[in-house]
K.L.:
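The structure is given below, and queries will be raised subsequently.
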Amino acid sequence: MLLHSSFQLFISVGFLLFWAVFSQIPLGSKLSVVENNHWTSSNGNFAIGFFHRSDQYSVGIRFYSNSVPIGKQMVVWVAGAELTVGNKSYLQLTENGELVLFDSIRGVVAWTSETTNSSVASAFLLDSGNLVLLNTDREIVWQSFDTPTDTLLPGQNFSAAKMLRAASRNSVSSYYSLHVEDRLLLRWENNIVYWTSGSPSQSILRAILSSDGTLQLLDQRSKVVWSVFGEDHNDSDVKLRFLRLDVDGNLRLYSWHDVSRLWRPVWQAVENQCNVFATCGLCGICIFNASGSSVCRCPFSSTMESNLECLVPYGQDCMSGSFMTTYEHTFLYGVYPPTETITRASLHQCKRLCQEDPRCTAVTFTNDGTAQCRIMRTRYTTGQSDPSLSSISFVKRCSDPIAALPISPASSFVSSSSSSSSSSPRDTSLKRLNRLCFPCLIGVASVTFVVFILIQIGIGFCIYKRWNYIRRKAALAYTGPNSKGLITLTFSEIKDVTGNFKHQIGPKMFKGMLPNNQPVAVKDLKGATMEGRKFRSAVVKIGSIYHKNLVQLEGYCCESDHRFLVYEFAKYGSLGRCIENPKLCKRLTWRKRIEICLTVARSISYLHTGCREFVSHGNLKCENVVLDENFKAKVSEFGLGRVHDDRGGAAEEDVKDFGKLVVKLLSAQQEADDVCEWAYENWVKGQAEKVVDVRIEDGVNSEELERVLRIAFWCLQVEGQMRPSMGEVIKVLEGTLTVDPPPPPFICQHPQD
Ligand SMILES: *[C@@H]1O[C@H](CO)[C@@H](O)[C@H](O)[C@H]1NC(C)=O
Ligand SMILES: *[C@@H]1O[C@H](CO)[C@@H](O)[C@H](O)[C@H]1NC(C)=O
Ligand SMILES: *[C@@H]1O[C@H](CO)[C@@H](O)[C@H](O)[C@H]1NC(C)=O
Ligand SMILES: *[C@@H]1O[C@H](CO)[C@@H](O)[C@H](O)[C@H]1NC(C)=O
Ligand SMILES: *[C@@H]1O[C@H](CO)[C@@H](O)[C@H](O)[C@H]1NC(C)=O
């Protein structure tokens with residue numbers, strides 16, 4: 001009897017040990033594409049390993065349960081989101097306790113968990129599908145649940161700093177995302193909200209999917225504030241569930257149905273798929289077909305467009321008049337840009353307003369009691385059509401069939417200023433969209449995703465850093481840091497710190513020393529007549545931005561008329577100054593200059609898309625890029641520009657300024673106003689190397705030069721909408737996205753002049 005029970009004990013201990021060994025991932029373990037091996041959770045429901053994706057590979061967590069056949073093993077988390085790597089890549093849990101994804105194609109570490117310094121002692125793939133790294137005290141230092149991609153699993157916290165992002169499908173840089181703010185929000189790009197979970201509530205902290213299939217919003221005390229559930233909510237036979245933001249922009253709850261062996265959608269956020277903003281993208285308008293599925297159709301097809309794109313046929317090159325075609329029960333709206341003029345007008349007035357406006361491309365009249373007239377001035381238009389809709393749309397077409405034909409590339413250099421001119425930039429932009437759009441779609445998406453994921457990983461680190469930082473500040477003798485970790489100084493303290501403005505190091509910029517001997521750069525914002533309250537709120541916003549390539553704001557002074565900003569000090573001063581200085585300029589090699597371009601692009605992209613609120617730089621130029629003691633570039637004086645009504649416009653301005661900065665940095669021609677025109681002319685004549693600073697000694701990579709100039713000229717396009725996003729710029733600078741030759745960016749002379 002005794003023998004029997006100790007034998008049993010032995011068996012069960014052995015069994016437990018076996019499972020512990022089975023699910024623990026020892027330091028030093030490796031997964032590789034070649035071996036096609038996995039780490040599995042102890043219940044066998046999840047596995048992490050490489051999987052094939054768009055001709056390459058990604059590493060991620062997927063359903064691995066016996067009941068789910070191979071083709072249905074949904075991926076629920078991917079290292080680096082849309083990151084793909086080559087066929088000899090591997091993921092290793094290093095002896096230092098860091099997860100490292102090595103890409104065999106580029107020969108670099110493509111992604112890491114950044115946990116070398118966190119004393120990671122063990123790793124597990126938990127039964128919930130959460131991959132966790134634990135330290136010696138068995139505390140979680142990193143978990144895959146903190147960096148969701150497009151999916152939430154039961155038990156996964158989804159809070160304000162996180163977002164789900166759908167795989168990009170329709171165009172170069174548009175994307176759908178899910179956020180928790182004062183409620184759940186679905187957004188298109190940065191600004192269009194197309195679904196919310198009811199009315200806002202200040203107390204909301206996080207969202208969570210419970211194991212019984214309820215999606216809940218919880219407040220600080222974990223009280224349920226809002227919830228929805230799927231149709232099989234109480235069905236105890238359902239074991240596997242997930243919530244995903246799908247590529248079509250809808251948020252759906254799925255559960256595994258054992259009988260039909262299918263993932264069944266049991267709830268979706270936007271009931272009518274056609275109400276998802278831009279669900280058809282540039283591929284037409286949304287309708288329901290006879291079997292009730294939403295499909296995209298192109299009612300305004302013309303010979304010019306491929307069937308992948310469906311644009312309004314009217315362009316600004318239309319010489320010989322236009323006419324309007326009528327679309328009953330059809331509602332249209334612009335996608336690029338997603339804004340239009342809305343006025344009150346009768347049906348006939350509405351149609352006439354468009355006919356008489358040479359820039360109008362289409363108009364929608366909605367008579368739901370308000371007689372609303374939406375005037376669109378873009379060919380990038382989408383919408384929906386359904387017999388139940390009370391809207392009627394008119395789409396403009398050109399009477400002149402010749403105008404619809406593509407024009408030869410030679411004539412693209414001819415341009416004039418009247419509105420009847422130049423279809424060429426548009427055509428080129430279309431070609432560019434076409435080329436960028438499809439083969440490189442995944443590529444672009446992955447970079448944006450990688451950046452986004454890295455930022456997310458960074459957040460945890462930043463919080464830690466910031467806490468340290470606040471502690472450090474608290475040791476100061478001065479007024480002391482406010483709640484945001486910024487020091488507030490009086491004007492006399494500013495005078496103290498700068499030794500009565502003794503060392504001027506730039507325009508309105510002085511070197512100073514804090515009482516703890518930390519050198520700082522003090523910027524006098526004289527002339528910037530910003531109201532105190534506005535100034536403080538701008539400062540607090542800027543002060544809360546942490547990025548290794550952004551100059552840190554340390555403090556400020558806001559006393560009567562005095563406005564000063566106190567920044568961390570950069571040893572070599574501004575890039576503008578370094579270009580001028582013969583000794584420092586030697587260090588600005590070709591490699592270095594390209595690196596600076598990329599650094600600046602990444603910082604601006606971070607400001608645009610990585611911060612919780614959109615921030616524009618507003619004044620990007622060589623003077624506002626500084627070089628630190630390691631000769632690394634950092635961007636300064638951001639977030640002080642005009643407050644723009646539309647962030648699209650503000651972002652486009654930054655992109656233009658970036659283009660200028662690149663040309664000035666490569667050419668070292670800082671003073672000339674027409675340096676960009678001059679550079680473009682040289683490039684057109686095939687003499688790109690003439691643009692480059694002659695003092696560069698390490699030789700110029702001509703392939704790289706071509707690429708960098710092309711993207712700079714795209715940034716400099718007069719028409720803001722044609723400028724790329726910073727995410728695309730980064731990709732081009734890294735050499736992973738090809739870029740077409742740009743059309744003339746400026747109102748240029750004819751080449752034969
Ligand atoms: C791996 O990828 C390279 C190109 O990236 C290709 O040439 C090679 O055939 C691939 N090998 C296998 C086994 O698929
Ligand atoms: C880890 O710590 C070392 C020494 O403190 C430091 O040099 C290194 O940058 C840190 N690494 C990370 C990823 O924080
Ligand atoms: C989710 O958040 C709650 C409250 O902060 C916490 O108790 C719980 O452990 C978190 N769950 C995970 C998986 O991180
Ligand atoms: C689910 O089942 C429980 C008990 O089985 C019941 O109390 C509850 O009302 C049910 N909820 C719904 C939404 O059907
Ligand atoms: C409606 O569209 C769906 C999805 O594209 C398709 O599977 C179905 O066959 C279509 N039905 C009809 C009647 O065209």
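Each ligand, and each atom within it, is numbered from 1 in the order the structure gives.
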K.L.:
Do the non-hydrogen side-chain atoms of Leu178 and Leu245 ever get within less than 4.5 Å of each other?
P.N.:
yes
K.L.:
Evaluate the ring planes of Phe277 and Trp188, with Trp represented by its six-membered ring, and classify them as parallel (under 30°), tilted (30 to 60°) or perpendicular (over 60°).
P.N.:
tilted
K.L.:
Enumerate the protein residues lying less than 4.0 Å from ligand 1, judged by heavy-atom distances, in chain and residue-number order.
P.N.:
Asn87
K.L.:
Crowded around Asp137 CG? As in, over 12 foreign heavy atoms under 6.0 Å?
P.N.:
yes
K.L.:
What do you reckon, does Asn130 have a nitrogen or oxygen under 3.5 Å from a nitrogen or oxygen of ligand 3?
P.N.:
no
K.L.:
Would you say the SG of Cys310 sits under 2.5 Å from the SG of Cys298?
P.N.:
yes
K.L.:
Could you label the plane-to-plane angle of the Phe63 and Phe46 rings as parallel, tilted or perpendicular, counting under 30° as parallel and over 60° as perpendicular?
P.N.:
tilted
K.L.:
Is Arg165 close enough and on-axis enough to Tyr176, meaning under 6.0 Å and within 45°, for cation-pi?
P.N.:
no
K.L.:
Below 4.0 Å from ligand 3: does a non-hydrogen atom of Arg206 turn up there or not?
P.N.:
yes
K.L.:
Please could you name the atoms of ligand 5 that Val295 approaches to less than 4.0 Å, counting only its heavy atoms?
P.N.:
2 (O), 5 (O)
K.L.:
Should the pair Trp263 and Phe242 be assigned to parallel (<30°), tilted (30 to 60°) or perpendicular (>60°) ring geometry?
P.N.:
perpendicular
K.L.:
Which of the numbered atoms in ligand 5 are under 4.0 angstrom from any heavy atom belonging to Ala290?
P.N.:
13 (C)
K.L.:
Gln143 heavy atoms, cut-off 4.0 Å: which ligand 3 atoms fall inside?
P.N.:
14 (O)
K.L.:
Which atoms of ligand 3 have any heavy atom of Gly155 under 4.0 Å away?
P.N.:
13 (C)
K.L.:
How about Lys223: does its NZ atom have over 12 heavy atoms from other parts shown lying under 6.0 Å from it?
P.N.:
no
K.L.:
Measuring from atom CH2 of Trp256 to atom CG of Leu262, what distance do you get when rounded to the nearest 0.5 angstrom?
P.N.:
6.5 Å
